[in-house]
S.K.: 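Sharing a structure here in structure tokens format.
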Amino acid sequence: MTALVEIRGVSKVYERGAQKVEVLHHVDLDIEEGDFLALMGPSGSGKTTLLNMIAGIDTPTDGTLSVAGRRIDNLSATALARWRAAHVGYIFQFYNLLPMLSAQKNVELPLLLTRLSAAQRRRNAGIALQLVGLADRVSHKPGELSGGQQQRVAIARAIVADPTLLVCDEPTGDLDRQSAEEVLGLLQKLNRQYGKTMIMVTHDPKAAEYAKRVLHLDKGTLVETASA
Amino acid sequence: MKYFPLILAGLLRKKTRTLLTLLSVVAAFALFGLLDAVRVAFNAPDNVAGIDRLIVASRFSIIQPLPYADYNRIRLLPGVKEVAYANWFGGVYQDPKNFFANMAVSAKSFLDTHPELVMPAAQKAAFLKTRTGAIVGQTLADRFGWKIGDKIPLKATIFPKKDGSNLWTFDLVGIYHTAQPELRGLEQQMFFHYDYFDEARQFGQGTVGWYIVKIADPAHADQMAQTIDHLFANSSNETKTESERQFQLSFAKQIGDIGLIVSAIMGAVFFTLVLLTGNTMAQAFRDRIPELAVMKTLGFSNGAVLRIVLAESVLVLLIGGAGGLVAARTILPVIAAASGGQFDLPMTDRTWLLGLLLMLLIGILVGLPPAWRAMRLKIVDALAGR
Ligand SMILES: Nc1ncnc2c1ncn2[C@@H]1O[C@H](COP(=O)(O)OP(=O)(O)OP(=O)(O)O)[C@@H](O)[C@H]1O
Ligand SMILES: [Mg+2]
């Protein structure tokens with residue numbers, strides 16, 4: 001049985017002018033279906049870079065990357081966009097909701113890329129918002145919501161199309177303790193109750209405690225550590 | 001179409017900015033609507049009814065008359081179907097400010113050669129048998145409130161009567177109209193009998209201003225024109241024969257090349273519009289880089305993002321442009337009323353169509369640079385603010 005995510009010998013080189021910087025060195029990593037992985041490490045160690053490649057918004061310079069048995073490192077931009085729409089829910093540190101749209105419309109956004117009818121889109125987005133506990137905030141614009149509420153709308157947006165992977169880049173980095181715990185509890189619930197495979201980058205050891213497994217990146221190399 | 005709320009959201013993001021852009025588009029297209037109506041009126045008639053007509057005038061000047069004797073010589077040429085003639089009268093109704101074209105014409109052949117002037121059969125018959133009868137266009141009749149049966153006094157500026165009086169009185173027996181709206185300029189004229197005019201005038205008997213020659217085959221118009229001019233070459237009254245369209249164009253050119261002037265003004269206006277909206281769109285794009293990156297992360301393809309950004313600018317141009325043309329459409333009758341019907345410029349389908357084309361063109365022109373940049377946007381760089 002192969003893992004859901006298979007990363008083999010992945011390197012990433014950025015060119016800054018004439019200078020080449022290798023941000024990731026031959027990373028090998030398997031992520032099983034239903035896992036909740038926390039990626040930790042110092043600033044600049046390459047966490048976001050690795051996460052972005054798993055999410056299909058960046059491509060490796062070298063090595064291979066497969067998700068659910070499908071190579072994604074060599075897809076065209078268009079194919080990759082289609083793959084993201086079907087398989088990835090991305091949760092950002094700064095929520096990144098579209099400010100002009102209501103919570104409801106923000107959550108419906110990924111569904112515009114599906115064949116669902118307008119009524120089905122509305123219903124599914126409603127269910128997702130209910131799941132994150134914001135059924136009473138559907139018509140609010142992001143500016144009318146607290147940080148924790150915005151992040152929960154963002155989580156609803158990430159899960160509404162039922163993706164294979166949920167990836168989060170410091171999802172609690174901008175939140176107070178209380179809201180952070182709500183968000184982390186929600187992510188954990190999605191993992192435990194709904195079996196969502198979760199990959200989360202975090203600086204916060206307390207946040208990492210919610211994960212099943214914690215990995216450390218250091219200067220572009222993985223160091224595995226056991227966890228609860 | 002399901003992206004429409006997204007496109008709208010993009011526009012409503014900065015309402016004031018969008019509104020100002022919209023207003024400049026409205027203003028530009030309102031101006032376009034007005035000026036294009038002027039251009040159409042001047043360059044006017046692509047008068048299909050006139051393609052088989054040649055105008056024979058003196059080679060030296062339009063005001064130099066031609067002998068009436070030429071009539072039969074032209075009429076007998078092979079390929080000529082009918083010949084009519086006309087003479088400029090230049091009469092004034094009440095006040096010189098009330099200018100309109102009035103001329104003496106060979107009544108029957110003139111109407112036969114000008115099928116675009118339409119009038120009830122009874123009025124036509126009345127005109128043909130009333131020696132002092134006159135016909136006017138609908139617009140002109142409306143302008144002065146004339147009705148059939150009215151006596152219309154004109155003061156001669158060129159041609160006094162034999163008795164020395166300058167007062168000519170005509171009986172209004174017919175009111176014609178034109179079928180096509182773009183020929184409505186023709187409804188501002190008055191025609192009366194050449195026979196009556198020629199007999200009563202003090203001087204110039206036996207001459208006409210110009211001949212109107214209806215030919216059998218418009219494809220041979222140039223050849224026919226040459227044949228006619230050859231006929232009178234080296235005579236004391238050499239002629240210059242042109243198609244009616246050429247004739248009108250060279251007449252309009254004496255006022256100035258309106259088409260060129262209008263094009264130049266519109267070029268400047270649209271150039272400014274492109275710069276202005278182009279700048280606004282570029283600014284709007286920069287403000288939205290993170291949003292576009294998020295949309296791409298969600299799985300919107302490069303092409304979809306390109307189309308959304310492009311649709312925004314096309315939509316602005318379409319809304320503003322339609323608003324501008326509707327404004328022009330509303331203003332034109334006001335101008336017509338204020339000028340007593342003198343500047344009754346119709347807005348033709350061509351203007352709407354050309355306007356629509358320009359909206360799309362400018363919308364794409366203005367939207368393409370930001371749309372292109374949106375398409376090329378690298379997600380990771382945009383998210384990291386690089
Ligand atoms: N597009 C890029 N061009 C050049 N350098 C880049 C690019 N993206 C990342 N880097 C560099 O790669 C290194 C790793 O970046 P990355 O964002 O993955 O770090 P990180 O572990 O997420 O750090 P942080 O905890 O601060 O978010 C950094 O030194 C960064 O400057
Ligand atoms: Mg990072």
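The chains referred to below are lettered A, B, ... by the order of the sequence lines, with proteins before strands, and numbering in each begins at 1.
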S.K.: Taking side chain as everything from C-beta outward and backbone as N, CA, C, O, which of these in B:L8 sits under 4.5 Å from a heavy atom of chain A? Side chain, backbone, both or neither.
M.R.: neither

S.K.: Picking from B:A384, B:G299, B:A304, B:A9, which has the most non-hydrogen pairs under 4.5 angstrom with chain A?
M.R.: B:G299

S.K.: Who among A:P163, A:P99, A:A158 has the most heavy-atom pairs with chain B under 4.5 Å?
M.R.: A:P99

S.K.: Identify which part of A:F92 has an atom lying under 4.5 Å from any heavy atom of chain B, answering side chain, backbone, both or neither.
M.R.: side chain

S.K.: Does any part of the side chain of A:L101, heavy atoms only, come nearer than 4.5 Å to the side chain of B:L6, both counted from C-beta?
M.R.: yes

S.K.: Let me confirm one number: the CG-CD1 distance from A:L112 to B:I308, rounded to the nearest 0.5 Å.
M.R.: 8.0 Å

S.K.: Could you look at B:I379 and say if it's the side chain, the backbone, both or neither that has a heavy atom under 4.5 Å from chain A?
M.R.: side chain

S.K.: Under 4.5 Å from any heavy atom of chain B, what part of A:L109 do you find: side chain, backbone, both or neither?
M.R.: both

S.K.: Note each donor-acceptor pair with a separation under 3.5 Å, taking one atom from chain A and one from chain B.
M.R.:
residue, atom, partner, partner atom, Å
A:R84, NE, B:K296, O, 3.1
A:R84, NE, B:T297, O, 3.4
A:R84, NH2, B:K296, O, 2.9
A:L112, O, B:K2, NZ, 2.6
A:T114, O, B:K2, NZ, 3.0

